[in-house]
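Labels below follow one simple rule: chain letters A, B, ... track the order of the sequence lines, proteins then strands, and each chain is numbered from 1. The figures here come from the full heavy-atom set of this structure, side chains too, leaving out hydrogens, waters and symmetry mates. As the structure is a computational prediction, the values presented were derived from the model and not from experiment.
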There are 2 protein chains.
Amino acid sequence: MVDESTKNRILQAAGPIFADVGYEHATVREICGAADVNVASIKYYFGDKKNLYLETVRQARNMRAERYPFPQMAAETSAEEKLYDFVSALLRRLTALQAAPWQVKLLMRELMDPTDACRMLVKDYFQPMFDSLLGVVDQLVEGPLEPDKRLKAGFSIIGQCLHYRYGNEVVNLMVPPEHRAAFEVEQIADHITRFCLSGLRGYAADSTKEIRQDRGPAAEHPSEP
Amino acid sequence: MVDESTKNRILQAAGPIFADVGYEHATVREICGAADVNVASIKYYFGDKKNLYLETVRQARNMRAERYPFPQMAAETSAEEKLYDFVSALLRRLTALQAAPWQVKLLMRELMDPTDACRMLVKDYFQPMFDSLLGVVDQLVEGPLEPDKRLKAGFSIIGQCLHYRYGNEVVNLMVPPEHRAAFEVEQIADHITRFCLSGLRGYAADSTKEIRQDRGPAAEHPSEP
DNA sequence: CTAGTCCTTAAACGCTTGTTTAATAGACTG
DNA sequence: CAGTCTATTAAACAAGCGTTTAAGGACTAG
């Protein structure tokens with residue numbers, strides 16, 4: 001049933017390895033060892049390592065795309081609930097990344113540190129998610145939002161989520177052990193959702209108010225050396 | 001005046017290189033070339049490459065620490081204004097990172113991808129910033145916040161800022177060119193500040209309201225393969 | 001002057017990397 | 001059967017890496 005061809009065995013072996021250690025740290029010898037294949041096969045089937053990586057990313061994208069045509073939310077679900085679902089699903093994917101399938105790991109790697117032409121597919125993998133999020137945002141504010149504000153609101157939401165992945169190390173250092181229990185996915189999702197809901201509500205409202213009193217360009221840090 | 005000793009020349013040369021290309025991609029030969037010094041000097045003065053890196057990070061931290069005892073805000077400044085200043089300063093540091101001094105680049109690198117024992121100094125470099133932010137948060141909400149909520153609020157704020165660095169590539173891909181102009185530091189800072197202000201205001205208020213109606217553990221994505 | 005310490009040097013070592021070669025075996029074809 | 005194309009192999013290649021060696025120069029102290 002499964003494709004046991006040499007070429008495919010290489011791809012199957014390369015996926016998890018690239019996902020775990022990244023392009024640079026992955027060696028063709030390790031990949032070929034895992035695939036139980038001679039090193040020369042890479043030249044034979046893929047030309048070189050870079051090309052193998054590209055095909056691996058492509059494969060990961062396709063596998064995910066057919067597995068997840070991003071979750072359709074029922075129309076009757078409230079926008080608030082949709083937001084929570086989005087946030088919680090994203091958080092879950094990000095923080096459970098340790099145990100995530102290699103396809104997700106690999107795509108995340110590309111998201112954080114895009115290589116070459118792959119950013120094209122980063123785009124067509126993540127854009128749909130983002131658009132669906134923006135749809136929820138639209139429902140949450142009364143009246144249409146200017147396009148750039150719409151985008152910024154979206155970034156604010158996913159920024160808060162992604163921080164628990166990007167800044168994972170730092171978060172752990174800053175949360176004292178006795179409060180560690182309050183940082184489970186559900187509770188973080190709950191916080192972010194509330195924060196964003198009330199953030200969005202007040203958002204359009206006071207868009208006129210000035211934050212800073214006029215005191216010149218002060219409060220700037222001294223210029224860098 | 002300046003320390004022209006061989007050891008110091010190596011450190012001066014190593015800093016920008018590690019900052020630019022990271023530990024792995026930096027080669028001792030390149031560093032020694034830049035310092036105009038023999039490769040063996042690294043063994044002589046630092047033992048090995050890893051140790052040189054450690055001393056370089058240490059040096060960067062010290063230089064920044066004496067340059068920036070994190071900005072004291074005047075007591076009469078409003079909390080709203082303080083928040084804006086914080087956000088805008090952080091954004092500026094992050095997005096102007098292209099031209100940032102190597103010390104900042106290097107420390108950021110450690111923040112995003114901590115190596116070994118260095119996370120200790122990641123902590124004592126960033127914790128003070130974070131604490132000062134939490135102080136501002138305290139002023140912005142009426143009544144004391146539970147400790148974990150306080151932390152989460154802080155993470156929400158810096159998460160939104162950091163996203164413009166971490167997700168820089170993706171942001172650029174998702175912002176169409178005609179709205180690019182609306183993504184200058186001031187405007188992003190303005191957005192984030194407003195979003196957080198109204199987020200924080202409503203935050204404590206509706207902490208009782210349930211977001212999700214009870215419909216079981218649904219809306220979960222299908223389990224990963 | 002001599003001995004000893006500190007520093008610097010060119011060269012090589014040993015290892016790993018991606019890539020390539022050339023030989024081989026098998027399957028299919030005319 | 002001879003010939004050709006496909007697939008696979010062990011081995012070597014060339015380049016880069018961090019590290020080490022051993023020798024010698026420059027200087028100071030006895």
Asks: Can you tell me the distance, in whole Å, between the OH atom of Y23(A) and the C1' atom of dT17(C)?
Replies: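 My rounded result for the distance is 11 Å.
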Asks: Would you mind reading off the distance between K49(B) atom NZ and dG18(D) atom C1', rounded to a whole angstrom?
Replies: 8 Å
Asks: Among the nucleotides dA11(D), dC7(C), dA10(D), which one has an atom lying closest to any side-chain atom of T6(B)?
Replies: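 The nucleotide sitting nearest to the side chain is dC7(C).
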Asks: Under 4.0 Å from any atom of DNA chain D, heavy atoms only: list the residues of residues 24-37 of chain B that qualify, in numerical order.
Replies: A26(B), T27(B), V28(B), R29(B)
Asks: Is the distance from OP1 or OP2 of dT19(D) to the nearest side-chain N or O of K43(B) less than 4.0 Å?
Replies: no
Asks: Here's a test for you: under side-chain contact (heavy atoms from CB on, under 4.5 Å), which of K152(B), Q160(B), H163(B) qualifies with Q160(A)?
Replies: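 Among K152(B), Q160(B), H163(B), the one meeting side-chain contact (heavy atoms from CB on, under 4.5 Å) with Q160(A) is Q160(B).
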Asks: Can you tell me which nucleotide in dG18(C), dA10(D), dT9(C) comes closest to the side chain of N38(A)?
Replies: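 The nucleotide sitting nearest to the side chain is dA10(D).
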Asks: Could you tell me which non-hydrogen atom of R150(B) sits nearest to which non-hydrogen atom of L145(B), and how far apart they are?
Replies: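 Taking every non-hydrogen atom into account, CA-CD2, 4.0 Å.
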Asks: Side chain of Y45(B): nearest nucleotide among dC7(C), dA10(C), dA10(D)?
Replies: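 So the nucleotide nearest the side chain must be dC7(C).
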Asks: Calculate the interatomic distance between R9(A) atom CZ and dT8(D) atom C1'; express it in whole Å.
Replies: 11 Å
Asks: Describe, in one word, how the ring planes of F155(A) and F130(A) are oriented to each other, choosing from parallel (under 30°), tilted (30 to 60°) and perpendicular (over 60°).
Replies: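 Correct class here is parallel.
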Asks: Measure across I31(A) and A13(A) and return the closest heavy-atom pair with its distance rounded to 0.1 Å.
Replies: O-CB, 3.8 Å
Asks: For I42(A) and dG18(C), give me the distance from atom CD1 to atom P, rounded to whole Å.
Replies: 8 Å
Asks: So which nucleotide from dA10(D), dT19(C), dT8(C) ends up closest to the side chain of A40(A)?
Replies: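 Within the option list, the nearest is dA10(D).
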Asks: Whole Å only: how far is the CZ atom of F18(A) from the C1' atom of dG18(C)?
Replies: 12 Å
Asks: Within the structure shown, what part of the strands sits under 4.0 Å from F46(A) by heavy-atom distance: base, sugar-phosphate, or nothing?
Replies: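 Nothing: the residue F46(A), judged by heavy atoms under 4.0 Å, touches no strand.
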Asks: Relative to the 5' end of DNA chain D, which residue comes earlier, V39(A) or D48(B), by the nucleotide with the nearest heavy atom?
Replies: V39(A)
Asks: Is K49(A) positioned over the aromatic face of Y23(A), cation under 6.0 angstrom from the ring centre and no more than 45 degrees off axis?
Replies: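 So K49(A) does make the cation-pi contact.
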Asks: From OH of Y44(A) over to C1' of dA7(D), roughly how many Å is that when rounded to an integer?
Replies: 5 Å
Asks: Heavy atoms only: give me the nearest C196(A)-I157(A) pair and the separation to one decimal.
Replies: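 Looking at all heavy atoms of both residues, the closest pair is SG-CG1, 3.7 Å.
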Asks: What's the CG-C1' distance between N51(B) and dT20(D), to the nearest Å?
Replies: 17 Å
Asks: Please confirm whether K7(A) makes a cation-pi placement over F46(A), using NZ or CZ under 6.0 Å from the six-membered ring centre and within 45° of the ring normal.
Replies: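 Satisfied, under 6.0 Å and within 45°.
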